[in-house]
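Before any comments, here is the structure.
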Amino acid sequence: WISAMVALPAVAYAGRPFFYSAIKALRLGRTNMDVPISIGVILASAMSLFETINSREHAYFDASVTLLFFLLAGRYLDQLMRVRARSAIAQLVSLSAEGATIVENGIRRYVSARDLKPGMTVAVAAGGRLPADGRIIEGSSDMDRSLLTGETAPEAVKPGSIVHAGELNLTGPIVLEVTAAGNDTFLSELVRLMSAAEQSQSRYIRIADRLA
């Protein structure tokens, strides 16, 4: 009876995410992993309570609580990884330049980065972030390419070097020919891949569900 008084409130409280998910799936005419989990937890607790009421020895309150513990641990780790992934995605998006200085017939004008197209010529001053992927046609500089390579040491670039949106021009002005802009840049593809990974089921959930 002491085990029942400890376990039943814990099961009722800790099992709510699984019970709600199972009910929602059943209402839609589907099943998910939370349906057998909920059935198992409820039946184990009910059978244990029945055994306790009838003074029998087969009570498994600890099994229900332990099962929920492992499942909640898996979902907590999954949520933690998703928060970190969302933070990383937000940081990547913040590296996108909002505008660019294009060069046309010797005249420079500022436009939104969304208006850039392949073939345009863009000037990037020292200290500015690249608004698009491209090939350097004028100037030499040191580039912070840690976004691409993970290497924090600056890398020297010169005419002919391939550079990417989000990289930081450190030391000298450069002019580049745009090869990819907007959603076609390497940075945009990286954000899409991380978003897809953040939305997919993590290995912590798979391990917990397999254990369940």
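- Closest approach of K158 and I136 over heavy atoms only: O-CB, 3.6 Å.
- More than 12 heavy atoms of other shown residues, nucleotides or ligands fall within 6.0 angstrom of atom CG in L28.
- Residues I42 and L71 share a single hydrophobic cluster, defined by chaining ILVMFWY side chains whose heavy atoms lie under 4.5 Å apart.
- Atoms OG and CD1, on S64 and I37 in that order, are 12.5 Å from each other to the nearest 0.5 Å.
- Interatomic distance, CG of D62 versus OG of S48, reported as 8.0 Å (0.5 Å rounding).
- Taking NE2 from H164 and CD1 from I162, the interatomic distance works out to 7.5 Å, rounded to the nearest 0.5 Å.
- At a threshold of 4.5 Å between side-chain heavy atoms, the hydrophobic network of Ile, Leu, Val, Met, Phe, Trp and Tyr places L72 and L67 in one connected group.
- A donor-acceptor contact closer than 3.5 angstrom is absent between the side chains of T179 and D133.
- A donor-acceptor contact shorter than 3.5 Å is absent between the side chain of D115 and the backbone of V111.
- A salt bridge does not link R129 with E167: none of the charged nitrogens is closer than 4.0 Å to a carboxylate oxygen.
- The shortest non-hydrogen separation linking L116 to A181 is O-CB, 3.5 Å.
- Cluster annotation: I174 and V103 are assigned to distinct hydrophobic clusters (Ile/Leu/Val/Met/Phe/Trp/Tyr, side-chain heavy-atom contacts under 4.5 Å, transitive).
- Within the 4.5 Å cutoff, side-chain heavy atoms of L8 are placed close to those of F61.
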Name each donor-acceptor pair under 3.5 Å that joins a side chain in residues 119-126 to protein atoms two or more places apart or in another chain, with its distance.
none

Using distance only, find each side-chain donor-acceptor pair of residues 12-24 under 3.5 Å and give its atom names and separation, not counting sequence neighbours.
| unit_1 | atom_1 | unit_2 | atom_2 | d |
| --- | --- | --- | --- | --- |
| R16 | NE | Y13 | O | 3.2 |
| S21 | OG | N32 | ND2 | 3.2 |
| S21 | OG | D34 | OD2 | 2.6 |

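- The two residues G172 and S141 come nearest to each other via the heavy atoms N-OG, 3.0 Å.
- Of the options N169, T171, L170, a side chain to side chain contact (heavy atoms under 4.5 Å, CB included) to M143 is made by N169 and by none of the others.
- Within the model, atoms CD of E155 and OG of S161 stand 7.5 Å from one another, a figure rounded to the nearest 0.5 Å.
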